[in-house]
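Computed from a prediction, not measured in an experiment: that's the story for all the values here.
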Amino acid sequence: EVLNCTIHDLLPEGVESTGDLVDKAVISLGNEGDVLLVLEGLIGHGFFAVRRTVGEVAKYLFVEKADQLVVLEAALRSLAESGRLRSDKEGFVL
């Protein structure tokens, strides 16, 4: 629902499935490793081509719980410390 697509949007044209042909993985935005994986995908997609605040990233990822926000902030700082993102008082950018 969050991605606004169905299982059929992920399959090649003409292939029908009830979901058994799609490899599903569950990630948790409360787990820093999973959040880093998601953020790396956003980096690759160009999401951070413009400066993003923690609040903007949280809204984009539907992060609403306080504990998940703490994990998100830690993951963003980790990416900044490793040089994958640059950070300043305004936010995070490539």
Review point. Should Leu85 and Val70 be regarded as members of a common hydrophobic cluster, given that ILVMFWY residues are connected when their side-chain heavy atoms come within less than 4.5 Å of each other, either directly or indirectly?
Key: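 Leu85 and Val70: separate clusters.
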
**Study point:** Cluster link Leu37 to Leu72, ILVMFWY, side chain under 4.5 Å
**Key:**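 The answer is no; the residues belong to distinct hydrophobic clusters.
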
Check your understanding: Does any pair with a residue in residues 63-76 pass side-chain hydrogen bond (donor to acceptor under 3.5 Å, both in side chains), and if so which ones, sequence neighbours excluded?
Key ->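 Qualifying pairs, neighbours excluded: none.
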
Practice item. Would you list the pairs meeting side-chain hydrogen bond (donor to acceptor under 3.5 Å, both in side chains) in which at least one residue belongs to residues 29-38, sequence neighbours left out? Key: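 Residue pairs passing side-chain hydrogen bond (donor to acceptor under 3.5 Å, both in side chains), neighbours aside: none found.
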
Check your understanding: Are the side chains of Val50 and Leu94 in touch, meaning some heavy atoms are under 4.5 Å apart?
Key ->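 Side-chain contact under 4.5 Å: no.
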
**Study point:** Validation row: Val71, Leu29 side chains within 4.5 angstrom (heavy atoms)
**Key:**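 Contact flag for Val71/Leu29 side chains = no.
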
Point to revise | Val57 and its side-chain contact (heavy atoms from CB on, under 4.5 Å) partner, picked from Leu39, Val35, Val38, Val63 | key: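 Considering Leu39, Val35, Val38, Val63, a side-chain contact (heavy atoms from CB on, under 4.5 Å) with Val57 is found only for Leu39.
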
Exercise for review: Check the pair Leu36, Leu79 against side chain to side chain contact (heavy atoms under 4.5 Å, CB included), reporting the backbone distance first and the verdict last.
Suggested key: CA-CA 8 Å; Leu36 285 168; Leu79 289 171; 3.7 Å; yes

Practice item. Using the test side chain to side chain donor-acceptor pair (under 3.5 Å), find all partners of Arg84 that sit at least two apart in sequence or belong to another chain. Key: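 Checked Arg84 against side chain to side chain donor-acceptor pair (under 3.5 Å); matches are Glu40.
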
**Study point:** Those residues that, when tested against Asp88, pass side chain to side chain donor-acceptor pair (under 3.5 Å) (two or more places apart)
**Key:**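 Only Arg51 meet the side chain to side chain donor-acceptor pair (under 3.5 Å) criterion with Asp88.
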
Check your understanding: Is there a donor-acceptor pair under 3.5 Å between the side chain of Arg52 and the backbone N or O of Phe47?
Key ->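 Answer holds: yes.
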
Practice item. Could you pull out all residues at least two apart from Thr53 that satisfy side chain to side chain contact (heavy atoms under 4.5 Å, CB included)? Key: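 Residues passing side chain to side chain contact (heavy atoms under 4.5 Å, CB included) with Thr53: Glu56.
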
**Study point:** Exercise: identify the closest heavy-atom pair between Leu69 and Ala58
**Key:**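 It is CD1-CB, 4.0 Å.
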
**Study point:** Aromatic contact, Phe92 with Phe48 (centres under 6.0 Å)
**Key:**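 Here the rings of Phe48 and Phe92 have centres that are no less than 6.0 Å from each other.
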
